[in-house]
Amino acid sequence: MTPEDLAVAVRAALAGLVSSGELAIDVPDEIVIERAKVKEHGDYATPVALTLAKAAGQPPRQIAQMLADQLATTAGITRVDVAGPGFLNITVAADALGALAHSIVTAGPAYGTSQTLTGQNFNIEFISANPTGPLHLGHTRWAAVGDAIARVLAAAGADVAREFYINDRGVQMDRFGASVMAAAHGRPVPEDGYHGGYILDLAADIVAEVPGIRELPEGEQLEAFREEAYRRQLAQQQRVLDIFGTHFDVWYSERSLHSSGAVDRGMETLREHGHVFEEDDAVWLRTTDHGDDKDRVLIKSDGEMTYFASDTAYYVDKRVRGFTTALYLLGADHHGYVQRLKAVAACAGDDPDVNIEILIGQLVKITQGGAEVRLSKRSGTMVTLEDLVDEVGVDAARYSLIRYPVDSPLTLDLDLLVQRSNDNPVYYVQYAHARISSVLRNAAELGIDWREQDFQAGLLDHEREGELLRVLGEYPATVATAAELREPHRVPRYLEQVATAYHRFYDTCRVLPRGDEGISAQHVARLWLCAATRQVIANGLALSGVSAPERM
RNA sequence: GCCCCCGUAGCUCAGGGGAUAGAGCGGUGGCCUCCGGAGCCAUAGGCGCAGGUUCGAAUCCUGCCGGGGGCACCA
């Protein structure tokens with residue numbers, strides 16, 4: 001008996017009351033079923049009667065009572081009480097609740113997946129850093145969260161492609177090349193260039209690996225340094241992301257957007273829809289037709305394409321490639337792009353509420369020794385993705401970044417994360433997984449083949465067992481909600497509840513036989529519950545790209 | 001000036017209209033003769049302010065106060 005099962009039962013009960021004429025309402029699609037917070041409220045509670053009272057024109061307690069009478073006859077439900085202003089408190093039979101342990105183990109990695117987003121084809125673009133330096137902490141947040149969103153969407157049945165847009169065109173690239181070239185000659189880096197220490201490393205590598213590069217003619221040499229540095233820096237970003245466990249399906253070069261003709265095609269699409277005009281010798285997109293606060297330039301009066309022109313073409317190209325939704329994950333410093341990107345979709349003839357979706361992630365701050373560590377790509381004192389991983393490891397880094405909703409600013413205390421202690425909740429969750437793994441190993445050593453034993457769900461009737469089962473039953477809804485709202489932080493937060501419920505269970509419920517005690521059906525039932533818990537933790541950690549260790 | 005985000009426990013943060021607002025760290029006090037104490041139990045401590053909507057608001061709306069970020073024929 002899961003919350004979903006109960007929702008079905010409640011809906012059926014409502015439908016029954018409607019058809020018998022006792023209730024005049026439309027049966028709602030969504031029925032709120034909550035896990036009871038205090039044990040006097042049974043196992044589950046629902047406020048449906050309160051919600052429907054006005055529409056039905058009847059007092060909530062009266063509706064609740066009619067529902068209670070109906071539900072009390074439902075198999076698996078042992079008790080239904082009307083409480084307070086009209087809540088329904090439902091108590092479920094131990095065997096109906098305990099059966100969940102078996103179905104979780106049977107479902108395995110599939111437990112928690114659904115088809116709620118089946119048919120949707122997402123292009124999820126994130127990080128999209130310039131290839132002019134290492135990935136810093138802001139990129140790192142998206143490296144973890146973007147990947148987690150992709151995983152959660154896929155778990156909900158959607159098709160997902162992860163895409164990294166390489167900003168390899170424009171003046172920043174030239175500044176980057178000039179910086180490396182200057183460093184290669186031992187000259188100071190230009191004022192508007194990149195000053196990080198990595199520039200010196202790049203210069204040294206290139207000089208060593210490309211003989212004679214410093215003797216090339218000025219213009220040719222600048223280009224050579226730019227391209228060599230670009231290639232190496234991109235490879236470095238790719239290597240770091242690979243270690244981090246975030247794997248992109250497509251690395252899309254801005255240059256290729258131009259060379260493939262996609263920019264021209266995109267421009268043509270916009271013209272067809274009548275939103276392109278010329279003024280002051282420049283070519284504009286009339287984004288104000290669709291909610292932007294000013295029109296945007298596509299081609300400057302000097303004939304140069306703007307970055308915005310690439311962006312529009314890139315969007316159109318994503319749609320041409322067959323994605324139903326282009327999902328953009330941007331930093332808070334780009335929030336001004338939201339309106340114009342939405343307008344681009346509208347100008348291309350799409351529905352901006354359906355075909356394009358933009359998530360804004362607030363900035364990450366990091367403190368060390370009580371002081372903020374600055375994050376400037378050009379300062380040379382930036383904290384990079386690599387730094388973070390070196391110090392705290394991939395699991396702790398990913399977990400602590402995913403654990404918070406992206407629309408709230410985040411401050412990470414490096415001193416705290418550096419400690420490999422339970423200061424970090426990731427260890428708390430992983431520890432629960434390792435602990436269960438140990439119990440199951442011990443069971444195997446004792447020769448207990450619990451999978452082959454008769455599972456008696458009704459034996460899981462201890463309060464702590466019920467508590468744990470109810471938490472485990474919330475996993476599918478947690479994943480589906482995380483996908484629907486693009487809020488992957490819900491999963492780790494949920495796993496922390498699972499870990500707590502497990503530890504509480506384990507603290508009072510002996511799982512394995514003691515000493516020379518024989519194996520009872522209760523031991524077997526509890527082993528099933530342990531295995532189910534471990535499965536949920538493993539599935540949930542996988543959605544965050546965090547490992548589920550058997551030992552720690 | 002206009003736009004976006006945030007304000008919840010000493011600290012870092014959860015809480016998509018529901019009953020007594022949670023977690024980790026930090027305080028205080030307990031629990032190891034057998035399955036992992038990286039754990040469990042108890043206790044102290046909080047919704048920035050003022051209105052509004054609602055049977056019910058930390059949650060939705062308005063205003064104010066405080067903090068962060070953004071405005072371009074830059075990328």
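Note on naming: letters A, B, ... go to the chains in the order of the sequence lines (proteins, then strands), and numbering restarts at 1 for each one.
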### Query
Atom NE2 of A:His503 to atom P of B:G39: distance rounded to whole Å?
6 Å
#### Entry: B:C74 phosphate, OP1 or OP2, under 4.0 Å from A:Lys300 side-chain N/O
yes
### Query
In the structure shown, which nucleotide is the Watson-Crick or G-U wobble counterpart of B:G17, with both distances under 3.5 Å?
none
#### Entry: Among B:C13, B:C5, B:C35, the one nearest A:Leu410 by side-chain distance
B:C13
### Message
Applying a 4.0 Å non-hydrogen cut-off, can you work out what A:Asp516 is touching in the nucleic acid: base, sugar-phosphate, or nothing?
### Response
nothing
### Message
Using a heavy-atom cut-off of 4.0 Å across all strands, would you classify A:Glu445 as base, sugar-phosphate, or nothing?
### Response
nothing
### Task
Using the P atoms only, state how far B:G63 lies from B:U59, rounded to an integer number of Å.
16 Å
### Query
Using 4.0 Å as the upper bound for N to carboxylate O, is an ion pair formed by A:Arg504 and A:Glu465?
no
### Query
Is any side-chain N or O of A:His335 under 3.5 Å from a base N or O of B:C3, one able to act as donor and the other as acceptor?
yes
### Query
Has A:Arg403 got a side-chain N or O lying under 4.0 Å from the OP1 or OP2 atom of B:G24?
no
### Message
Side chain of A:Tyr431 only, heavy atoms from C-beta on: which candidate in B:C40, B:A14, B:G39 is closest?
### Response
B:G39
### Task
Measure from the side-chain heavy atoms of A:Ser301 and tell me the nearest of B:C55, B:G16, B:C73.
B:C73
### Query
Please give, in whole Å, the distance from B:G15 P to A:Leu485 CG?
10 Å
### Query
Can you tell me how far P of B:C40 sits from CD of A:Glu467, to the nearest Å?
12 Å
### Query
With rounding to whole Å, what would you report as the distance between B:C3 and B:A9 at their P atoms?
29 Å
### Task
Could you tell me whether A:Arg79 and A:Asp81 have a side-chain N and a carboxylate O separated by less than 4.0 Å?
yes
### Summary
Scanning all shown strands, the Watson-Crick or wobble mate of B:U43 with both distances under 3.5 Å is B:G27
### Query
Do A:Tyr165 and A:Tyr314 have ring centroids that are under 6.0 Å from one another?
yes
### Message
With syn defined as a glycosidic angle within 90° of 0 and anti as the rest, where does B:C32 land?
### Response
syn
### Query
Heavy atoms under 4.0 Å, any strand shown: does A:Ala282 hit a base, just sugar-phosphate, or nothing?
base
### Query
Base, sugar-phosphate, or nothing: which does A:Arg551 touch, judged by heavy atoms less than 4.0 Å apart?
base
### Query
The side chain of A:Asp333 lies closest to which of these nucleotides: B:G69, B:G18, B:A38?
B:G69
#### Entry: Sugar-phosphate only, base, or nothing, as touched by A:Val171 at under 4.0 Å among non-hydrogen atoms
sugar-phosphate
### Query
Reckon A:Lys37 has a side-chain N or O less than 4.0 Å from the OP1 or OP2 of B:U20?
no
### Message
What contact category does A:Ala53 fall into here, base, sugar-phosphate, or nothing, at under 4.0 angstrom with non-hydrogen atoms?
### Response
nothing
### Task
Check every strand shown and say whether A:Asn167 touches a base, only sugar-phosphate, or nothing at a heavy-atom separation below 4.0 Å.
nothing
### Message
What I'd like to find out is whether the side chain of A:Gln339 reaches to under 4.5 Å of the side chain of A:Asp293, using heavy atoms alone.
### Response
no
#### Entry: Distance between C1' atoms of B:U53 and B:G45 (Å, rounded)
32 Å
### Query
Using 4.0 Å as the upper bound for N to carboxylate O, is an ion pair formed by A:Glu227 and A:Arg255?
yes
### Query
B:C74, B:U12, B:G18: which one has an atom nearest the side-chain heavy atoms of A:Pro85?
B:G18
### Task
Choose from B:A72, B:G39, B:C35 the nucleotide whose nearest atom is closest to any side-chain atom of A:Tyr428.
B:G39
### Message
Less than 6.0 angstrom from the centroid, inside 45 degrees of the normal: does A:Arg175 satisfy that with respect to the ring of A:Tyr194?
### Response
no
### Message
Could you tell me how far apart A:Glu34 (CD) and B:G17 (P) are, to the nearest whole angstrom?
### Response
10 Å
## Note on the structure
The residue, A:Arg340 or A:Leu88, whose nearest nucleotide of RNA chain B is more 5′ is A:Leu88
### Query
In whole Å, what separates the P atom of B:G68 from that of B:C13?
14 Å
### Listed nucleotide nearest any side-chain atom of A:Val439, set B:U20, B:C35, B:A72
B:C35
### Task
Please state the C1' separation for the pair B:C60 and B:G66 - nearest whole angstrom.
22 Å
### Message
Pairing check on B:C64: which nucleotide meets the Watson-Crick or G-U wobble criteria with it, both distances under 3.5 Å?
### Response
B:G48
### Task
Would you mind telling me which of B:C40, B:G69, B:C71 lies closest to the side-chain atoms of A:Lys294?
B:C71
### Message
Tell me if the CD atom of A:Glu30 is crowded by more than 12 foreign heavy atoms within 6.0 Å.
### Response
no
### Query
Out of B:C73, B:A19, B:C55, which has the shortest distance to the side chain of A:Trp284?
B:C73
#### Entry: Interatomic distance at P, B:C25 relative to B:C64, whole Å
41 Å
### Query
Taking atom types as they are modelled, is there a donor-acceptor pair under 3.5 Å from the base of B:G16 to the side chain of A:Thr481?
yes
### Task
Looking at every strand, decide which applies to A:Ser408 at a 4.0 Å heavy-atom threshold: base, sugar-phosphate, or nothing.
sugar-phosphate
### Query
Checking ring pair (Phe, Tyr, Trp, His ring centres under 6.0 Å) for the pair A:Tyr494/A:Tyr475: CA distance, chi angles, key distance, verdict?
CA-CA 8 Å; A:Tyr494 163 80; A:Tyr475 181 64; 5.7 Å; yes
### Message
Students often get this wrong, so: under 4.0 angstrom with heavy atoms, is A:Gly170 touching a base, only sugar-phosphate, or nothing?
### Response
sugar-phosphate
### Whole-angstrom distance between B:G16 and B:A58, as gauged at atom P
13 Å
#### Entry: Candidate nucleotides B:U12, B:A72, B:A38, ranked by approach to the side chain of A:Tyr404 - the nearest
B:U12
### Query
Base, sugar-phosphate alone, or nothing: which one does A:His41 contact when heavy atoms must sit under 4.0 Å apart?
base
### Task
Quick one: label A:Ala36 by what it contacts on the DNA or RNA (base, sugar-phosphate, nothing), any heavy atom closer than 4.0 Å.
nothing
### Message
When you compare the side chain of A:Tyr431 with that of A:His503, does any pair of heavy atoms fall below 4.5 Å?
### Response
yes
### Task
Please work out if A:Leu50 contacts a base, only the sugar-phosphate, or nothing of the nucleic acid, heavy-atom cut-off 4.0 Å.
base
### Query
In whole angstrom, what separates A:Asp292's CG from B:C4's P?
13 Å
### Task
Using atom OH of A:Tyr502 as one end and atom P of B:A38 as the other, report the distance to the nearest whole Å.
15 Å
### Message
Checking base pairs now: Watson-Crick or wobble, both atom distances under 3.5 Å. What partners B:G1?
### Response
B:C71
### Message
Expressed as a whole number of angstroms, how long is the span from A:Asp280:CG to B:C73:P?
### Response
11 Å
### Message
Check this for me: A:Asp29, atom CG, are more than 12 non-hydrogen atoms of other residues, nucleotides or ligands nearer than 6.0 Å?
### Response
no
### Query
B:C35 phosphate, OP1 or OP2: any side-chain N/O from A:His523 under 4.0 angstrom?
no
### Message
Looking at B:A9, which nucleotide sits across from it as a Watson-Crick or G-U wobble partner, both distances under 3.5 angstrom, or is there none?
### Response
none
### Message
Judged by each residue's nearest nucleotide on RNA chain B, which is more toward the 5′ side, A:Arg493 or A:Asp295?
### Response
A:Arg493
### Message
Please classify the nucleic acid contact of A:Arg490 as base, sugar-phosphate, or nothing, using heavy-atom distances under 4.0 Å.
### Response
base
### Query
What integer distance in Å separates A:Tyr427:OH from B:G24:C1'?
14 Å
### Query
With sugar-phosphate meaning primed atoms plus P, OP1 and OP2, does A:Cys509 contact a base, only sugar-phosphate, or nothing at under 4.0 Å between heavy atoms?
base
